[in-house]
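Remarks on the structure that follows.
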2 protein chains.
Amino acid sequence: MSEQLMTIREMCDAFSVTPRTLRFYEARELIFPQRRGQHRLYDRRDRARLTLILRGKRFGFSLEQIRQLLELYEPGGTNQTQIAATIQIGRERLADMERQYAELEEAIVELRQQLAEAESRLPAGTGNKISG
Amino acid sequence: MSEQLMTIREMCDAFSVTPRTLRFYEARELIFPQRRGQHRLYDRRDRARLTLILRGKRFGFSLEQIRQLLELYEPGGTNQTQIAATIQIGRERLADMERQYAELEEAIVELRQQLAEAESRLPAGTGNKISG
DNA sequence: CGTCTCGCTTACGTTCGCGTCAACTTTCAC
DNA sequence: GTGAAAGTTGACGCGAACGTAAGCGAGACG
């Protein structure tokens, strides 16, 4: 039971995606489910990758960028040059994310200020639902 | 000179966008440059809005979401219902951003770990540039 | 045996965010 | 004035990331 294979429908329900999406990711070589005959079967690795894919998307990365990143999580080849290249890509994504992190914090602070200001223009208790 | 009007080209150079982009944002009602005859002129407000637009995009928001958010930064109408609705949208975006912030931190930690692990598979000093 | 459901592939359609002409007008330097 | 540069409005095009419909097996069920 360490493998726990899932059908495409089970995957869709678990991750809230459509079959089309999973097949699309496979076509773009982001996941590689095994086949039982014609049918796809997804194992733990596939689920881990899908988790990373969906997360990457939420951060605004393209599927191609995510595909490259995924190589970091799979010790694909032992080729030194290849590994170094993958690491380089990982560093760039990391830098992106750190920039985004800092900027996001700033934006959150600003938005909170604007919200507070806007709320002050409303009479007390006008559709406000902060607690409860 | 408190207004400091800029032409479309100056805006493009300042924000690294194309004229097409600025006209597109205007068509979508995200910015409202004044006109001198036919030509557009951008003031401080327009620049502030553009800054917010580009920032919002980096966080993965759609232009429509950004447009709605921008109303927060402009005390547009005094209609209470309208203001309350805008605030509601602002709260939702803020929640999005806070979720994203937390998730981003987690992803950064994970990616750092993966990078460290991958780097350990390389002989020391193979294209590595950590301290520059 | 028929038919239902699930999944497969192929292929065209769609939305978003612009890029890229094309054809004009406006402005500015000289 | 004249010509080049800069700006304008359509209109069509494009890549990314899927949606959607068509049509074809393969099993399960009664």
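Throughout, protein chains are lettered first and strands after them, A, B, ... in sequence-line order, and every chain is numbered starting at 1.
- Within the 4.0 Å cut-off from OP1 or OP2 of C/dT9, at least one side-chain nitrogen or oxygen of A/Arg35 is found.
- In this entry the distance linking CZ of B/Arg9 with P of D/dT8 reads 11 Å, nearest Å.
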Got a list of protein N/O to nucleotides 14-18 of chain D N/O distances below 3.5 Å?
residue: D/dA17; atom: OP1; partner: A/Leu63; partner atom: N; Å: 3.1
residue: D/dC18; atom: OP1; partner: A/Lys57; partner atom: NZ; Å: 3.1
residue: D/dC18; atom: OP2; partner: A/Tyr25; partner atom: OH; Å: 2.7
residue: D/dC18; atom: OP2; partner: A/Lys57; partner atom: NZ; Å: 2.7

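- Residue contacts shown for A/Arg36 are absent, as no nucleic acid heavy atom lies under 4.0 Å away.
- For the pair B/Glu26 CD and C/dC18 C1', the computed distance is 15 Å after rounding to whole Å.
- By the side chain to side chain donor-acceptor pair (under 3.5 Å) test, B/Arg20 is found to be paired with no residue, residues two or more places apart in sequence or in another chain being considered.
- Atom CZ in A/Arg40 sits about 7 Å away from atom C1' in C/dC8, given to the nearest Å.
- Phosphate proximity of D/dA6 to B/Thr7: absent, as no side-chain N or O sits under 4.0 Å from OP1 or OP2.
- Here B/Arg99 pairs with B/Asp96 in a salt bridge; the nearest charged N to carboxylate O distance falls below 4.0 Å.
- Remark: A/Phe15 engages A/Met11, A/Val17, A/Arg47, A/Leu50, A/Thr51, A/Leu54 in a side-chain contact (heavy atoms from CB on, under 4.5 Å) (not counting sequence neighbours).
- Taking atom NE2 of residue A/His39 and atom C1' of nucleotide D/dG25, one finds them 8 Å apart after rounding to whole Å.
- Among the protein residues, A/Arg23 comes within range of the nucleic acid bases, having at least one heavy atom under 4.0 Å from a base atom.
- A/Ile8 has its CD1 atom 19 Å from the P atom of C/dT5, to the nearest Å.
- Going from atom CD1 of B/Ile53 over to atom P of C/dC16 covers 17 Å, rounded to whole Å.
- Separating the CG atom of B/Leu50 from the P atom of C/dC18 is a distance of 11 Å, rounded to the nearest angstrom.
- Without hydrogens or angle criteria, A/Asp46 side chain to A/Asp43 main chain gives a donor-acceptor distance under 3.5 Å.
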| Would B/Glu110 and B/Gln114 satisfy side-chain contact (heavy atoms from CB on, under 4.5 Å), going step by step from the backbone distance to the final call? | CA-CA 6 Å; B/Glu110 284 182 30; B/Gln114 292 300 329; 5.6 Å; no

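- Residues B/Ile53 and B/Phe61 form no side-chain contact, since every pair of their non-hydrogen atoms from C-beta on lies 4.5 Å or further apart.
- The residues A/Arg67 and A/Glu64 are annotated as salt-bridged, a charged nitrogen and a carboxylate oxygen being separated by less than 4.0 angstrom.
- Rounded to an integer number of Å, the gap from B/Leu30 CG to C/dC18 P is 10 Å.
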